[in-house]
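Everything on this sheet refers to the single structure shown next.
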Amino acid sequence: MVKAVFPGSFDPLTFGHLDVIQRAAKLFDELIIAVGINTNKAAMFATDEKIKLIQDNVTDLSNVMVLPMPGLTFEFVKEMSAQVIVRGIRSVRDYEYERDIAELNHRLGDIETVLLPSKAIYQDISSSNLKEVAKFGADISHFVPENVAELIKLKTK
């Protein structure tokens with residue numbers, strides 16, 4: 001049985017994230033969505049909000065669970081007895097960044113990383129960009145699930 005962890009800040013959850021979750025759920029026996037904190041970015045949502053938003057969008061995936069990840073990814077993966085980290089990549093820039101992080105996680109915890117390339121329709125979705133345009137009232141409903149769009153609207157009024 002292969003257990004994988006898909007870590008991220010998910011601030012906010014996008015259709016690109018959901019695509020990676022759905023594809024990874026087909027590849028692995030268990031998939032844990034690990035909601036972490038990105039110390040380089042200002043969060044729009046609290047961890048419990050993010051977990052609820054994700055849970056509401058993965059109810060049809062019986063092998064997926066959503067948990068908070070308070071520390072380092074490799075430590076969380078070990079704690080969960082998982083064997084693989086899953087990451088989505090949208091571009092060459094993402095690949096280079098994720099390759100370096102994959103190597104670090106391998107050296108620190110002897111953990112493999114699987115990179116899933118984004119489908120073309122999701123390559124331009126960036127959580128940071130979405131938050132920025134939402135603050136100015138742009139309609140982002142074609143980039144994020146309905147429950148996410150509604151909460152963003154409330155937070156950016």
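Keep in mind that what you see is a predicted model, and the values were worked out from it rather than measured.
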Item to complete: Report the C-alpha separation of I152 and I140 in whole Å, then their side-chain angles, then the decisive distance to 0.1 Å, and conclude whether the side-chain contact (heavy atoms from CB on, under 4.5 Å) test is met.
Response: CA-CA 9 Å; I152 288 173; I140 61 168; 3.5 Å; yes
Among all residues two or more places apart in sequence or in another chain, which pass the side-chain hydrogen bond (donor to acceptor under 3.5 Å, both in side chains) test with [X]?
X: N147; answer: N57
X: E49; answer: K155
X: D139; answer: S141

With [X] via side chain to side chain contact (heavy atoms under 4.5 Å, CB included) - residues at least two apart:
X: P70; result: none
X: D48; result: A46
X: D94; result: I89, R90, S91
X: E146; result: E150

Between [X] and [Y], is there shared hydrophobic-cluster membership here, with clusters defined by ILVMFWY side-chain heavy atoms closer than 4.5 Å?
X: L72; Y: I33; result: no
X: I37; Y: I101; result: no
X: Y122; Y: V148; result: yes
X: I125; Y: V20; result: yes
X: V92; Y: Y97; result: no

What is the distance from atom [atom1] of [X] to atom [atom2] of [Y], rounded to the nearest 0.5 Å?
X: F15; Y: F143; atom1: CZ; atom2: CZ; answer: 10.0 Å
X: N129; Y: T14; atom1: CG; atom2: OG1; answer: 11.5 Å
X: Q55; Y: L61; atom1: CD; atom2: CG; answer: 12.5 Å
X: M44; Y: L130; atom1: CE; atom2: CG; answer: 9.5 Å
X: R107; Y: F74; atom1: CZ; atom2: CZ; answer: 13.5 Å
X: L31; Y: I21; atom1: CG; atom2: CD1; answer: 7.0 Å

Has [X] got more than 12 heavy atoms of other residues, nucleotides or ligands less than 6.0 Å from its [atom1]?
X: K52; atom1: NZ; value: no
X: I121; atom1: CD1; value: no
X: Y95; atom1: OH; value: no

Fill in: Contact list for residues 61-87, test side-chain hydrogen bond (donor to acceptor under 3.5 Å, both in side chains), sequence neighbours left out
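Residue pairs passing side-chain hydrogen bond (donor to acceptor under 3.5 Å, both in side chains), neighbours aside: R87-E98.
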Pair up each side-chain donor or acceptor in residues 110-120 with any protein partner under 3.5 Å, not counting sequence neighbours, and list the distances.
unit_1: D110; atom_1: OD1; unit_2: H106; atom_2: NE2; d: 3.4
unit_1: E112; atom_1: OE2; unit_2: H106; atom_2: NE2; d: 3.3
unit_1: K119; atom_1: NZ; unit_2: D19; atom_2: OD1; d: 3.3

Fill in: Validation row: P7, I85 side chains within 4.5 angstrom (heavy atoms)
yes
Worksheet item: Do L151 and L53 have side chains that get closer than 4.5 Å, going by heavy atoms?
Response: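 When only atoms from C-beta onward are counted, L53 and L151 do touch, with a gap below 4.5 Å.
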Can you name the nearest heavy-atom pair linking [X] to [Y], along with the distance?
X: V5; Y: A34; result: CG1-CB, 3.7 Å
X: V2; Y: D29; result: N-OD2, 2.6 Å
X: S127; Y: P12; result: OG-O, 3.0 Å
X: M65; Y: L67; result: SD-CD1, 3.7 Å
X: F76; Y: P68; result: CE1-O, 3.4 Å

Discussion item. Under a 3.5 Å distance rule, please check whether K50 uses its side chain to pair with a backbone N or O of L13 as donor and acceptor.
Written reply: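 Side chain of K50 to backbone of L13, a donor-acceptor pair under 3.5 Å: no, none is there.
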Fill in: For R93, all residues meeting salt bridge (Lys or Arg N to Asp or Glu O under 4.0 Å), sequence neighbours excluded
none
Practice prompt. Only counting residues at least two apart or in another chain, list the ones meeting ring pair (Phe, Tyr, Trp, His ring centres under 6.0 Å) with F10.
Written response: F6, H17
Worksheet item: Which residue pairs pass the salt bridge (charged side-chain N to carboxylate O under 4.0 Å, His left out) test with at least one member in residues 127-138, sequence neighbours excluded?
Response: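 Residue pairs with at least one partner in residues 127-138: D11-K131.
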